[in-house]
Protein chains: 2
Amino acid sequence: MNEPTTDERPTDAQREQETGCCSGRHEHALSESAVATDVELLATLGNDTRYEALRIIAAADDDVCVCEIEPALGVSQGAVSQALSRLFSAGLVERRKEGRWRYYSSTPRAEGLLAALDETRGDVRD
Amino acid sequence: MNEPTTDERPTDAQREQETGCCSGRHEHALSESAVATDVELLATLGNDTRYEALRIIAAADDDVCVCEIEPALGVSQGAVSQALSRLFSAGLVERRKEGRWRYYSSTPRAEGLLAALDETRGDVRD
DNA sequence: CGTTCATTTTAGTATGCGCTAATATAAGAC
DNA sequence: GTCTTATATTAGCGCATACTAAAATGAACG
């Protein structure tokens, strides 16, 4: 999916004497799997239902039963289950089974992310 | 979209003497607009192209010209422009016009978020 | 003016997502 | 065992998203 048909960009050598734009290569130093993990995590949280679910779990003192999360989300029971399931595979929550109930708690990574969101929220000028 | 057909949940009073599950209400204390902003931000970053674009911008010492971001992303030029545009409306990048070129830089919020991702990455056991 | 270059915008399309509804599993209660 | 209760899983559908290709904008330069 990356096939430049012709090479219309200036070469490195040309860039040096060019206008000032395109004067360096730009990359970052993250492994592919780290990127994939991050993107999956962010995509997971980039949805109202899942975001709210995680907020509820993270706000609680101890771990939270699914049946307590459900009424707050305003979607069907199946949708809640799917949401929690995806939060789990993204590494944002831990879960524990007890009898008929399933209890969820947030991971350190989730806590860190939510904290970062909270701490930087004011930085954006409205 | 939230219409319980019948009230099958125990009442608060019942919960107290019930099995131990469903023993409290769970909410969090964020404004609707804060949630909307966060979710939009997270959804924006939950995409390979936009995530990589932001990483490149954030990794650079000074601000970065669009033409330098393009070759690293492996999508069409129009797609890059759309990606940067959405990063901008999500409050993750700032932009500056100079002649024919447009330069992008990351906002404090973006830096904070990326830092949180980096700092918590090891917390997830693989 | 017209041409070229950098970027944005638009139109169209194909894929993926998030939901509901229904069904399945699994564990207590009886 | 049957009957609930709690949660998970599946099928299916409508809508959003992310891209490509093409056209439009806008600035520099002849």
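Chain identifiers are assigned alphabetically (A, B, ...) following the order of the sequence lines, protein sequences preceding nucleic acid strands; residue numbering begins at 1 within each chain.
- With rounding to whole Å, B:L45 atom CG is found 16 Å from D:dT17 atom C1'.
- A:A110 meets the side chain to side chain contact (heavy atoms under 4.5 Å, CB included) test with A:L54, A:L92, A:S106, A:T107; sequence neighbours excluded.
- Remark: B:R86 engages B:E40 in a salt bridge (charged side-chain N to carboxylate O under 4.0 Å, His left out) (not counting sequence neighbours).
- Listed by first and then second residue, the salt bridge (Lys or Arg N to Asp or Glu O under 4.0 Å) pairs involving residues 75-84 of chain A amount to none (not counting sequence neighbours).
- Proximity of A:R102 to the phosphate of D:dA6: no side-chain N or O atom is located under 4.0 Å from OP1 or OP2.
- Closest to the A:R86 side chain, of the nucleotides C:dG18, D:dA8, C:dT7, is C:dG18.
- In plain terms, the two heavy atoms of A:A90 and A:T44 that are nearest each other are CB-OG1, 3.6 Å.
- Going from atom NZ of B:K97 over to atom C1' of C:dA6 covers 10 Å, rounded to whole Å.
- Between A:L73 atom CG and C:dT20 atom C1' the separation is 15 Å, expressed in whole Å.
- Per the geometry, CD1 belonging to A:I69 stands 14 Å off P belonging to D:dA6, to the nearest Å.
- B:R95 places its CZ atom 14 Å from the C1' atom of C:dA6, with the value rounded to the nearest Å.
- The separation between A:L84 atom CG and D:dT7 atom C1' is 10 Å, rounded to whole Å.
- With sequence neighbours excluded, the residues forming a side chain to side chain contact (heavy atoms under 4.5 Å, CB included) with B:E52 are A:H28, A:V35, B:L73, listed by chain and number.
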Determine whether B:C67 and B:R100 satisfy the following criterion, side chain to side chain contact (heavy atoms under 4.5 Å, CB included), listing intermediate values before the conclusion.
CA-CA 11 Å; B:C67 69; B:R100 291 180 267 196; over 6 Å; no

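- Counting heavy atoms from C-beta on, the side chains of A:E98 and A:Y103 come closer than 4.5 Å.
- Contacts of B:D63 classified as salt bridge (charged side-chain N to carboxylate O under 4.0 Å, His left out), with partners at least two apart in sequence or in another chain: B:R96.
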Could you run down the sub-3.5 Å N/O contacts of the protein with nucleotides 3-5 of chain C?
unit_1	atom_1	unit_2	atom_2	d
C:dC5	O4'	B:R100	NH1	3.4

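- Partners of A:A60 according to the side chain to side chain contact (heavy atoms under 4.5 Å, CB included) rule, which considers only residues two or more places apart in sequence or in another chain, are A:V64, B:H26.
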All N/O contacts under 3.5 Å from nucleotides 9-13 of chain D to the protein, with atom names and distances to one decimal?
unit_1	atom_1	unit_2	atom_2	d
D:dT10	O4	A:Q82	NE2	2.8

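- Scored by the side chain to side chain contact (heavy atoms under 4.5 Å, CB included) test, A:D38 finds A:R109, B:Y51, B:R55, B:L117, B:R121 as partners (sequence neighbours excluded).
- The separation between A:L87 atom CG and D:dT7 atom C1' is 15 Å, rounded to whole Å.
- In the region residues 46-54 of chain B, proximity to DNA chain D at under 4.0 angstrom, judged on heavy atoms, holds for B:N47, B:T49, B:R50.
- The shortest heavy-atom contact between B:I56 and B:A72 is CD1-CB, 3.5 Å.
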